[in-house]
Amino acid sequence: MEDTFKRHRQTLAKPQSLTTNNHRRPDDNGDLSTEEGNSEMWNNFSNRFRQVQSVLDRNRPLIQQVNENHQSRTNDDMVQNVSLIQELNGNISKVVSLYSDISTNFSTMFGQENDAIGDETNNRRHH
């Protein structure tokens with residue numbers, strides 16, 4: 001999953017890269033804060049995806065335990081499944097929340113990028 005994310009990040013980052021080695025290109029009318037903001041945004045995405053993966057990794061043994069408890073059909077195991085399933089439910093809610101944050105941040109980033117591209121296009125037309 002992380003390799004796929006890195007490939008998408010590299011692909012998406014190429015067209016909007018305005019600087020190299022923190023030096024502005026001579027024809028660049030933007031500022032470094034945009035690139036720094038994008039870097040921070042990508043770090044945020046990466047952190048969120050790691051959090052999602054951590055929660056999903058935790059769910060794997062929980063699901064296995066629920067299945068084992070269900071197959072045993074003992075009273076204690078069935079009672080234990082209630083709390084295990086509640087934990088799974090909470091974890092799924094966390095994943096939904098994290099993906100919602102990722103989606104919002106992604107939309108915001110590309111909305112700002114499109115605004116910047118539109119501003120640059122308008123500036124070229126008026127100069």
Side-chain angles (χ1 to χ4, degrees):
M1 182 172 160
E2 195 164 319
D3 289 340
T4 302
F5 176 70
K6 286 179 183 176
R7 278 195 308 266
H8 286 292
R9 179 179 174 191
Q10 290 168 350
T11 303
L12 294 172
K14 286 179 184 176
Q16 49 118 20
S17 179
L18 300 175
T19 63
T20 306
N21 298 329
N22 292 332
H23 298 292
R24 288 175 53 172
R25 293 188 329 201
D27 62 338
D28 181 14
N29 292 326
D31 63 30
L32 293 177
S33 64
T34 302
E35 185 168 310
E36 291 167 0
N38 286 345
S39 176
E40 183 178 330
M41 189 81 64
W42 284 118
N43 287 336
N44 187 12
F45 286 147
S46 182
N47 289 336
R48 292 277 196 256
F49 280 118
R50 275 192 219 97
Q51 288 175 314
V52 166
Q53 190 60 52
S54 175
V55 173
L56 294 176
D57 288 343
R58 172 65 185 138
N59 281 357
R60 187 174 298 116
L62 287 174
I63 292 168
Q64 288 173 336
Q65 187 62 50
V66 166
N67 286 333
E68 289 172 15
N69 289 351
H70 182 73
Q71 289 174 354
S72 77
R73 299 203 182 269
T74 66
N75 189 42
D76 289 343
D77 286 347
M78 298 304 259
V79 169
Q80 184 187 21
N81 271 359
V82 172
S83 63
L84 293 174
I85 291 170
Q86 287 172 338
E87 184 177 348
L88 279 167
N89 190 38
N91 288 349
I92 291 168
S93 294
K94 287 178 193 175
V95 169
V96 168
S97 177
L98 289 166
Y99 274 126
S100 177
D101 290 348
I102 290 168
S103 176
T104 299
N105 291 341
F106 196 77
S107 297
T108 300
M109 183 177 81
F110 282 100
Q112 290 171 349
E113 183 177 308
N114 286 337
D115 290 345
I117 290 169
D119 291 345
E120 185 178 323
T121 302
N122 286 336
N123 287 339
R124 287 184 188 158
R125 287 182 189 157
H126 291 79
H127 292 302

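Nothing fancy with the numbering, it's 1 onward along the sequence. The structure displayed is predicted, hence computed values, not measured ones. The basis for the numbers below is simple: all heavy atoms, side chains too, and nothing from hydrogens, waters or symmetry mates.
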Within-4.5 Å side-chain heavy-atom neighbours: [X] and [Y]:
{"X": "Leu62", "Y": "Asn59", "answer": "yes"}
{"X": "Tyr99", "Y": "Val96", "answer": "no"}
{"X": "Gln65", "Y": "Asn69", "answer": "yes"}
{"X": "Gln86", "Y": "Asn89", "answer": "no"}

According to a 4.5 Å side-chain heavy-atom criterion applied to Ile, Leu, Val, Met, Phe, Trp and Tyr, with indirect links allowed, do [X] and [Y] form part of one hydrophobic cluster?
{"X": "Val95", "Y": "Leu88", "answer": "no"}
{"X": "Ile102", "Y": "Val55", "answer": "yes"}
{"X": "Leu98", "Y": "Leu56", "answer": "yes"}

Under the 3.5 angstrom rule, does the side chain of Ser107 hit a backbone N or O of Ser103 as a donor-acceptor pair?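 Yes; at least one donor-acceptor contact below 3.5 Å.
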Keeping Thr104 on the side-chain end and Asp101 on the backbone end, is there a donor-acceptor pair under 3.5 Å?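 Absent.
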Gap between atom [atom2] of [Y] and atom [atom1] of [X] - 0.5 Å precision:
{"X": "Glu40", "Y": "Asn47", "atom1": "CD", "atom2": "CG", "value": "10.5 Å"}
{"X": "Met41", "Y": "Asn105", "atom1": "CE", "atom2": "CG", "value": "5.5 Å"}
{"X": "Asn44", "Y": "Ser39", "atom1": "CG", "atom2": "OG", "value": "11.0 Å"}
{"X": "Asn67", "Y": "Leu84", "atom1": "CG", "atom2": "CG", "value": "10.5 Å"}

Please list all pairs meeting salt bridge (Lys or Arg N to Asp or Glu O under 4.0 Å) that have one or both residues in residues 56-75, counting only residues at least two apart or in different chains.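 Every salt bridge (Lys or Arg N to Asp or Glu O under 4.0 Å) pair that includes a residue of residues 56-75, provided the two are not neighbours, is Asp57-Arg60, Arg58-Glu87.
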Any idea how Phe106 and Phe45 line up, ring-wise: parallel (<30°), tilted (30 to 60°), or perpendicular (>60°)?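 Rings of Phe106 and Phe45: tilted, as their planes differ by 30° to 60°.
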Hydrophobic side-chain clustering at under 4.5 Å (ILVMFWY, transitive links): who's grouped with Val82? Put none if nobody.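 So far as hydrophobic clustering goes, Val82 is joined with none.
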